[in-house]
Chemist: 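Sharing a structure with you now.
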There are 2 protein chains.
Amino acid sequence: MIKKELIMEKALELFAKQGFEATSVQQITEHSRISKGAFYLSFKSKDELILALIDHFMIQISSDIDHIVKHTTDHDLLYKFFYASLKSYRDHSDFAKIFMKEQAQSCNEELIKKIHYYESINEKNILSLVDRLYGDDIVQTRYDLVYCINGLLKHYAALFLFYNIPLDLYLLTQSLVEKTNVLANHISIPFITNDLVEMMKPGTKEEITKEQIFNLMDNKLEELEESIEKESLTLLKQQLIEPTLSRPLIKGLVENIHYHPHCKWLSYLLRQYYQF
Amino acid sequence: MIKKELIMEKALELFAKQGFEATSVQQITEHSRISKGAFYLSFKSKDELILALIDHFMIQISSDIDHIVKHTTDHDLLYKFFYASLKSYRDHSDFAKIFMKEQAQSCNEELIKKIHYYESINEKNILSLVDRLYGDDIVQTRYDLVYCINGLLKHYAALFLFYNIPLDLYLLTQSLVEKTNVLANHISIPFITNDLVEMMKPGTKEEITKEQIFNLMDNKLEELEESIEKESLTLLKQQLIEPTLSRPLIKGLVENIHYHPHCKWLSYLLRQYYQF
DNA sequence: TTGACAAATGACTAATTAGTCATTAGTATA
DNA sequence: TATACTAATGACTAATTAGTCATTTGTCAA
């Protein structure tokens, strides 16, 4: 057990410096002053090691932040969230480097899955924070706000993680709190809509079912006013039930609805469905 | 020459899918349907290939955006900047993926240097944009604004690069313009100060020397066919040896060559050199 | 047809990789 | 001391890597 921790500690240093792929088991065993066999007594593979590392740190970090979001008054919430997040990055800077690098780069299936899992927890936390603080004022832009908070946090964190600049945690926190409040109070143009979030969820990505499109069509038909677009959509719906028109005609109808701001998503799904 | 482009094209696809490190020369040669020897006739090493790819695309993208920043009225500036940037990412999405991944991860010394070089050009562009648009109002927060613009741009670009969501370039641009204006007009707490920026500079940046430009001119003159561009270039070369024309005339000549696809980079260097 | 030259090949080397396993060292109990 | 057990070793395999080079193929002028 102690050996396992020793390996994790030493491997962390090497991964942070060189990256996961670029670090060999050989290097890890040398750095830990153990034999190759000893390594494989603790971990079944190199992959198992990095998965263990991610779990080890992310369980800690996630639950810390989750606790803060759930047990802080609204007044302090944003401040404490940023402070805790930045502090986690600083205190586990080697880990944070690995996590950020692998997030951008990894090709390992399981690794990506794990990173996505913890990322989704993080996003859920921020979303609940945003809804609590700004509530009904930002129904349209809530996902954008979440995305900006996450983006700015990571981008500023990279500043002290990858360029060893001195970090004034207090000041950086204040500056991020201000930016978040400013954005929350003033932005009005949403880019990340409900539809978009739905599609980014892992399950949805693989297959577009007739039913999904059908349901979305019904929703949109209710939203739309009488127009060419609505007529086109109605025709497309009929085609979905009972195809009678030729492919070019269907393609044309899909084109018709594409420029309507509410139907972008639908037209995307239809193009996928019909393989245009 | 054509072979070189074939290899670059095929390698780009593989790098975008699997990452640079994870792609073997073997795979590249198989994908390009050439032999291993043929690969090494075009490129001295795998490293030289990715450096060539980065130059190829970044010269194009950087000079496009530079040109827009320098030739757009203030009214349109922000909008055109975001639009052009996002369009570049979309049109060269395989390259953008590689550039983003390697930016986060790479351990190759020369590769990092090159990426930093183009990043610093990008930052300079954004800084000049910020100063022009908001000027004295944001002396304290200008670097933060630059950093936020860069961060938000990349973060949102990742959205359509790595999750294949459909991209409404127009809407995303508008949404980013709004966010930028909101931040510029309301943030007051600076985190990235002048000193910090100084500190992040890796020693002294390479100067653009007369010789570099001169050599590049000679190369291009050989490539070009008889045309207004070639005449302009010849005149510019003479000006470099012995200046006789006035600044506006020189600026006009630089303008003349900018639209020629092979001279984008040269025109960028000349604009830097003459401080237009 | 021949000769000369450039383009292209792929078998090859030497190095490195993740992971295995027969062997040994260390330790605790009888 | 003898026995039984676990902990640890590092030489080993098989696969893969970047890069090389003797050889073949293609092309075009004489």
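Owing to the predicted nature of the structure, the values given are computational and were not obtained by experimental measurement. The sequence lines fix the lettering, A, B, ..., with proteins before strands; numbering per chain opens at 1.
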Chemist: To the nearest Å, how far apart are B:Leu41 CG and C:dT9 P?
Modeler: 9 Å
Chemist: Both A:Gly37 and A:Thr23 contact DNA chain C. Taking the nearest nucleotide for each, which residue is further toward the 5' end?
Modeler: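 Counting from the 5' end, the first nearest nucleotide belongs to A:Thr23.
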Chemist: Of the options C:dT17, D:dT17, D:dA8, whose atoms approach the side-chain atoms of B:Ser24 most closely?
Modeler: D:dT17
Chemist: Between atom CZ in A:Arg33 and atom P in D:dA7, what is the gap in whole Å?
Modeler: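 Computing the A:Arg33:CZ to D:dA7:P distance gives 23 Å.
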Chemist: Are OP1 or OP2 of D:dA18 and a side-chain N or O of B:Lys44 less than 4.0 angstrom apart?
Modeler: no
Chemist: In whole angstrom, what separates A:Gln26's CD from C:dA15's P?
Modeler: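 One finds 15 Å between P of C:dA15 and CD of A:Gln26, rounded.
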Chemist: Can you tell which of D:dG19, D:dT9, C:dA8 lies closest to the side chain of A:Ile34?
Modeler: D:dT9
Chemist: Taking atom C1' of C:dT17 as reference, at what distance in whole Å does atom CD of A:Glu30 sit?
Modeler: 13 Å
Chemist: In this structure, how many angstroms lie between the P atom of D:dA8 and the CZ atom of A:Phe39, rounded?
Modeler: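 Between P of D:dA8 and CZ of A:Phe39: 15 Å.
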Chemist: Can you find an N or O donor on one side and an acceptor on the other, under 3.5 Å apart, linking the side chain of A:Lys36 with the base of C:dA18?
Modeler: yes
Chemist: Between A:Lys154 and A:Glu119, does at least one N-O distance fall below 4.0 Å, as a salt bridge requires?
Modeler: yes
Chemist: Whole angstrom is fine here: how far is it from CD1 in B:Ile28 over to P in D:dG19?
Modeler: 10 Å
Chemist: The side chain of A:Ser35 is closest to which nucleotide in this list: D:dA18, C:dT9, D:dA8?
Modeler: D:dA8
Chemist: Tell me if a side-chain donor or acceptor on B:Lys46 pairs with a main-chain N or O of B:Phe20 at a distance below 3.5 Å.
Modeler: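 Yes, B:Lys46 side chain to B:Phe20 backbone: donor-acceptor pair under 3.5 Å.
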Chemist: Which of these, B:Leu172, B:Leu169, B:Ile68, sits in a side-chain contact (heavy atoms from CB on, under 4.5 Å) with B:Tyr83?
Modeler: B:Leu169
Chemist: When B:Ile28 is tested against each of B:Ile34, B:Thr23, B:Leu12 for side-chain contact (heavy atoms from CB on, under 4.5 Å), which residue passes?
Modeler: B:Thr23
Chemist: How close or far is atom C1' of D:dT16 from atom CD of B:Glu21, stated in whole angstroms?
Modeler: 14 Å
Chemist: Output the rounded distance in Å from CD (B:Gln18) to P (D:dT17).
Modeler: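 Nearest whole value for this atom pair: 10 Å.
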Chemist: Nearest to the side chain of B:Tyr40, which nucleotide is it out of D:dT20, C:dA8, D:dA8?
Modeler: D:dT20
Chemist: When rounded to the nearest 0.5 angstrom, what is the spacing between CD1 in B:Ile115 and CD in B:Glu110?
Modeler: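 Answer for the CD1-CD pair, B:Ile115 versus B:Glu110, is 12.0 Å.
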